Amino acid sequence: VENVRLLDRLSSRRAVVGTLYLTATHVIFVENGSETRKETWVLHSQISSIEKQATTATGCPLLIRCKNFQVIQLVIPQERDCHDVYISLIRLARPVKYEELYCFSFNPKLDKEEREQGWKLVDLNEEYNRMGVPNNYWQISDVNRDYGVCDSYPTEVYVPKSATAHIIVGSSKFRSRRRFPALSYYCKGNNASICRSSQPLSGFSARCLEDEQMLQAIRKANPGSDFIYVVDTRPKLNAMANRAAGKGYENEDNYSNIKFQFIGIENIHVMRNSLQKMLEVCELKSPSMSDFLWGLENSGWLKHIKAIMDAGVFIAKAVAEEGVSVLVHCSDGWDRTAQVCSVASLLLDPYYRTMKGFMVLIEKDWVSFGHKFNHRYGNLDGDPKEISPVIDQFIECVWQLMEQFPCAFEFNERFLIHIQHHIYSCQFGNFLCNSQKERRELKVRERTYSLWAHLWKNRADYLNPLYRSDHSQTQGTLHPQIAPCNFLYKFWSGMYNRFEKGLHPRQSVTDYLMAVKEETQQLEEELEVLQERLANLQKSQSGNNKVKSKQQDQSKQFGLYTSNNSLANTPQEYSNDLKSFPSRSPSQGDEDSALILTQDNLKSSDPDLSANSDQESGVEDLSCRSPSGGGCLPSEDSGKDSDEAVFLAG
Amino acid sequence: MEFAELIKTPRADNVVLHRPFHLAVEGTLCLTGHHLIFSCGTSSPPLEDPVFSGIVLSYFLSCCRFVGSLGTIVIKCKDLRIIQLDIPGMEECLNIASSIEALSTLDSVTLMYPFFYRPMFEVLEDGWSSFLLEQEFELLSSLTNEWRLSCVNKEFSVCPSYPPVVIVPKSVDDEALRKVALFRHGGRFPVLSYYHKKNGMAMLRSSQPLTGTNGRRCKEDEKLINATLRSGRRGFVIDTRPLAVAQQARARGGGFEQEVHYPQWRRIHKHIERFNILQESFIKLVEACNDQSHNMDRWLSKLEASNWLTHIKELLTAACLAAQCIDRESASVLVHGSEGTDSTLQVTSLAQIILDPRCRTIRGFEALVVREWLQAGHPFQQRCAQSAYSNSKQKWEAPVFLLFLECVWQIHRQFPCSFEFNEQFLIMLFEHAYASQFGTFLGNSENERAKLKLPQKTMSLWSWVNRPEELGRFQNPLYEANSLVIWPSVAPQSLQLWEGVFLRWNRPSKFLEEAEEERINIIRYNKELQAKVNALRRQLAEMEVQQEVQEQP
């Protein structure tokens with residue numbers, strides 16, 4: 001479709017005209033500008049909703065909301081075209097078969113071996129060995145070999161040594177979806193562990209001897225402690241309501257030596273609505289400060305994030321400080337339980353705060369234990385009530401921790417954002433389906449590629465420059481503050497307003513430091529070469545081995561590295577009062593618009609995944625980091641990229 | 001008056017000091033005229049914070065409260081810190097409490113600490129004469145000859161709150177200035193605040209014109225501000241009051257520039273809150289920050305109810321607008337509110353941060369504070385007396401300067417590589433504006449400072465800050481000169497609470513400090529390597545030349 005206008009949300013008068021293409025996998029918008037032809041790519045699987053708005057004089061507006069929080073507003077001149085696009089997109093954005101998803105057609109041009117290597121990057125067996133199991137207390141159980149006991153669990157689970165197959169099977173029959181207690185994290189230092197399960201089918205009075213034995217076995221696997229915590233992550237009211245349906249929670253009288261604890265994290269429906277409300281706030285056009293803060297409070301989002309964090313802190317404290325094992329569950333044990341176990345693990349074990357460890361953590365607590373990625377993130381057309389930002393919340397918890405412990409994580413914010421993006425993109429096979437069983441049946445490993453390998457290959461882009469493995473912050477357990485006035489939970493504009501570049505700091509400290517570190521590395525290398533040459537020269541003072549080296553030329557590159565001021569520098573709509581002002585000379589206007597293009601060009605190379613082509617998705621903007629340039633030299637007023645629209649906007 | 005009269009109990013033993021994020025420590029408390037000194041005995045556990053091990057806990061006492069009969073004093077400091085002292089003995093406790101109360105609210109300026117402080121460092125440069133308007137004018141004259149230095153206010157007779165010298169359009173003589181002064185509130189006639197060398201546009205500031213209800217006019221005033229316009233161009237008057245307030249002001253003799261008399265000027269009203277509302281907001285915000293409850297909703301609603309961030313947003317928006325008029329519309333701008341000593345200065349100084357790269361350097365920022373705040377007659381002593389914890393309502397108290405500093409911080413956060421100074425520098429200025437051993441922020445105007453003979457009797461803050469030993473702490477390791485205009489985002493998503501001030505004592509700072517250290521180390525190491533590599537290159541080049549010479553027979 002031609003002559004489509006793409007509107008900019010921040011300044012309504014700024015729009016670009018271009019051509020809209022629909023392909024089997026992407027929506028592509030190409031600007032008409034002859035020099036740059038800036039492209040916007042959106043994967044169909046990223047589309048969350050499409051809204052056709054009332055036709056106006058200028059055309060038919062189409063609003064596309066994406067799961068990575070991009071909002072695209074198009075105006076299509078012909079109503080008929082718009083309708084066609086709308087119908088096609090609705091169909092394309094809601095595939096019914098896994099085979100329709102992008103990962104089955106995505107081909108990064110790797111051979112078979114490389115692909116297999118990619119899938120081997122994260123190995124959970126290795127991970128459990130790293131934790132220190134199997135050992136005297138814990139063993140691997142093959143009771144779920146053919147998914148015979150629990151079809152949403154992995155085939156290999158770790159259970160206490162004293163838990164026989166009989167106990168496991170018995171316990172599984174007493175748990176929702178037969179998700180029996182299994183090991184999530186083992187603390188080598190003091191034998192305390194974090195186990196996970198679903199709720200018991202206790203109703204008002206039911207008991208199960210095997211289940212009680214199972215919990216005993218978990219306690220015994222930690223000889224240092226005479227009780228375990230059972231943490232129910234639901235609000236008490238919800239858990240009680242479940243009892244009426246024959247489910248519920250452990251009765252302290254029936255289980256010996258447990259301490260029972262509720263932690264009120266709300267269910268997926270509440271979370272979905274909460275995010276919805278917060279996104280509405282993000283989409284407000286020029287909100288006042290109190291609109292924004294009120295909306296943020298009203299959405300409850302940060303409250304929920306805090307609840308998850310608090311639960312993680314509670315468990316980490318029990319394990320690290322009290323040396324007590326914890327059994328965590330919610331209803332089915334695949335949403336809140338996954339959140340809480342992974343936050344606790346992250347706090348406890350510095351390994352999970354490394355890049356590789358974080359991949360392992362998601363693979364362990366989310367992918368292998370049957371977090372329903374397909375349902376929660378709507379990869380295939382399904383029940384909209386199943387959709388909920390469960391892992392998004394976990395990712396945000398990590399970001400909040402990064403804000404509080406800037407040196408503790410090996411990876412940076414971009415890493416988190418890209419993971420979030422790919423959970424929805426379906427470009428890689430990692431997050432397909434709802435369980436390991438389904439993935440095996442679909443032969444995901446043979447037919448698709450692994451995200452982890454892709455991220456690992458580009459790991460230089462995801463490094464936190466402040467991270468040093470020998471830094472004190474990277475050791476041991478993290479102890480975050482609890483009260484909001486001590487630990488400021490912030491709105492994460494980098495995520496939820498990710499595509500509104502104008503809202504973000506114009507200079508990135510992370511990128512700057514990464515550039516400096518890269519340069520430092522080059523300097524180190526050069527220093528070595530120079531010292532070598534010096535030694536050679538001194539040796540052969542009289543000889544005539546004139547080393548003609550390139551270093552001299554190369555040196556010019558470093559001399560003065562340019563700042564990465566890719567400032568998207570335009571005044572915003574500070575006032576509506578400037579409307580009637582005399583316009584400026586046309587020559588000035590021309591100059592400005594020419595510069596807009598170059599600026600936009602720079603911006604488009606930002607980590608804007610959707611704008612990347614198939615093979616290079618997620619590849620970072622190098623111009624931003626490389627010390628030898630790219631970022632515009634601030635020789636003149638960057639404000640040159642101004643556009644009149646800003647002043648005239650109403 | 002002798003301080004000794006106010007100190008009934010100069011010393012108490014076995015006092016326990018409580019601070020957030022620190023273990024309680026026992027020690028001896030001593031009270032002097034200006035200091036509360038807490039030193040811990042050798043028996044107590046070692047302190048991790050060296051500041052408290054026997055040194056000052058001084059001069060920023062805000063108010064203290066006597067809690068119950070337990071002999072506990074809670075001291076709330078002007079830098080928003082709260083500490084608690086358990087003192088054995090009822091009488092001692094009462095005595096110390098009342099002494100602190102009395103000593104921290106001394107009436108007479110000359111009894112304040114700056115008059116007693118004797119520096120322990122060698123003064124390399126006298127800060128009192130570091131930033132003279134004459135130097136500023138010299139710089140200006142190299143760019144344009146449209147302006148002149150006027151000494152019309154030499155005796156502070158024309159405008160008591162102005163400095164003795166001001167910069168005005170060349171075409172306006174002192175006689176006209178005197179007439180204009182009569183037409184402007186408090187005599188604050190329009191003077192040059194900033195000259196944008198890129199396009200020669202000027203920013204002026206003044207107070208409101210005294211038009212009154214009958215629309216009085218002053219030809220000289222019109223001539224003065226028109227003198228800053230290029231022929232055929234127009235200018236903007238940015239009034240920091242909403243239109244309704246400006247109209248009401250006429251009833252009290254004030255007013256605004258009317259189109260009929262100022263046809264070349266367009267007026268824009270931007271609402272910036274006045275001081276009592278700001279002070280209320282400040283108090284509410286600090287209360288919210290001290291609420292130790294774990295409830296997220298409560299925190300957010302308290303933050304919202306304080307309106308603090310709304311004020312930040314409004315102020316930044318007004319400053320951006322002023323900058324936009326100058327840089328983008330190539331128009332001259334006149335900024336004023338009512339008196340022209342508060343919101344006016346916030347707007348003009350922030351606009352300069354946005355427009356002028358020089359103001360983003362340490363020296364340049366200091367000059368800005370001197371020029372746009374101290375010399376421009378912001379009544380520091382009235383505004384920055386008791387900070388957020390005053391127990392009596394202070395009529396003139398208002399965090400006007402703090403708001404300005406926070407706005408600078410917000411811009412700094414968005415452009416972290418464009419400022420030579422760091423967050424600590426801004427926090428330091430906040431502290432010294434409220435309580436200081438230096439005389440810089442004493443008095444309400446240059447006039448008062450001259451009468452108090454501050455330059456002779458006290459030390460200037462700048463004499464201390466600008467010593468290389470101190471400057472190191474305030475330098476931003478990421479700084480790279482950026483000659484551009486920097487346009488900050490004023491969207492709510494882009495603005496954050498200034499944790500460095502408001503949560504400073506309520507959050508563990510260790511991790512953030514470590515991060516800063518790490519940043520400094522990364523940059524320092526890089527610079528060292530650069531130096532080494534350059535030195536080696538030079539050495540190699542020399543040797544190669546030598547070799548070539550040797551080779552040639």
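Note that the structure is predicted; figures quoted are calculated from it, not measured. First the proteins, then the strands, lettered A, B, ... as listed; each starts at 1.
- In plain terms, the two heavy atoms of A/Leu503 and B/Ala491 that are nearest each other are CD2-CB, 3.1 Å.
- Neither the backbone nor the side chain of B/Asn534 comes within less than 4.5 Å of any heavy atom in chain A.
- The distance from the CD atom of B/Gln539 to the CZ atom of A/Arg533 is 11.5 Å, given to the nearest 0.5 Å.
- Side-chain contact check for A/Leu534 versus B/Met543: some heavy-atom pair is nearer than 4.5 Å.
- Qualifying side-chain hydrogen bond (donor to acceptor under 3.5 Å, both in side chains) partners for A/Gln404, counting only residues two or more places apart in sequence or in other chains: none.
- For the 3.5 Å distance criterion, the side chains of B/Gln414 and A/Gln507 fail to qualify, holding no donor opposite an acceptor.
- Of the two parts of A/Ser290, the backbone and the side chain both hold a non-hydrogen atom closer than 4.5 Å to a non-hydrogen atom of chain B.
- In terms of heavy-atom proximity, A/Pro287 sits nearest to B/Lys313 at O-CE, 3.6 Å.
- The pair B/Arg298-A/Glu297 fails the salt-bridge criterion, with no side-chain N (NZ, NE, NH1 or NH2) lying under 4.0 Å from an Asp/Glu carboxylate O.
- In the model, A/Tyr512 has a side-chain atom that pairs as donor or acceptor with a side-chain atom of B/Glu480 under 3.5 Å.
- In terms of heavy-atom pairs under 4.5 angstrom with chain B, the leader among A/Phe405, A/Trp294, A/Phe491 is A/Phe405.
- Of all heavy-atom pairs between A/Glu403 and B/Leu512, the closest is O-CD2, 3.8 Å.
- Residues B/Ile522 and A/Leu466 share a closest heavy-atom pair of CD1-CD2, 4.2 Å.
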Q) Can B/Trp299 and A/Leu488 be said to form a side-chain contact (heavy atoms from CB on, under 4.5 Å), step by step? A) CA-CA 10 Å; B/Trp299 158 251; A/Leu488 195 64; 3.3 Å; yes
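- Looking only at side-chain heavy atoms (C-beta outward), A/Cys407 and B/Phe511 stay at 4.5 Å or farther from each other.
- Residue contact with chain A, scored on non-hydrogen atoms closer than 4.5 Å, is absent for B/Glu314.
- Using a 4.5 Å cut-off on side-chain heavy atoms (C-beta onward), B/Lys532 and A/Glu526 make no contact.
- By the side-chain hydrogen bond (donor to acceptor under 3.5 Å, both in side chains) test, A/Gln473 is found to be paired with B/Glu514, residues two or more places apart in sequence or in another chain being considered.
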Q: Go through the steps for B/His311 and A/Met289 under the test side-chain contact (heavy atoms from CB on, under 4.5 Å), then give the verdict.
A: CA-CA 9 Å; B/His311 302 316; A/Met289 201 70 218; over 6 Å; no
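- To the nearest 0.5 angstrom, A/Gln531 atom CD is 10.0 Å from B/Leu540 atom CG.
- For the atom pair CG of A/Asp291 and CD of B/Glu304, the computed distance is 8.5 Å after rounding to the nearest 0.5 Å.
- To the nearest 0.5 Å, atom CG of residue B/Leu300 and atom OH of residue A/Tyr489 are 12.0 Å apart.
- Contact of A/Lys303 with chain B is made through backbone and side chain together, with heavy-atom distances under 4.5 Å.
- Distance NZ/A/Lys306 to CG/B/Asn295: 8.0 Å, rounded to 0.5 Å.
- For the atom pair CG (A/Leu296) and OG (B/Ser301), the distance works out to 11.5 Å, reported to the nearest 0.5 Å.
- The environment of CD in A/Gln475 is crowded: more than 12 heavy-atom neighbours from other residues, nucleotides or ligands sit within 6.0 Å.
- The minimum heavy-atom distance between A/Leu513 and B/Leu478, with the atom names listed, is CD2-CD2, 3.7 Å.
- Side-chain contact check for A/His471 versus B/Glu518: some heavy-atom pair is nearer than 4.5 Å.
- Under the 4.5 Å side-chain criterion, counting only non-hydrogen atoms from C-beta, A/His304 is not in contact with B/Met296.
- The minimum heavy-atom distance linking A/Arg506 with B/Trp487 is given by the pair NH1-O, 3.3 Å.
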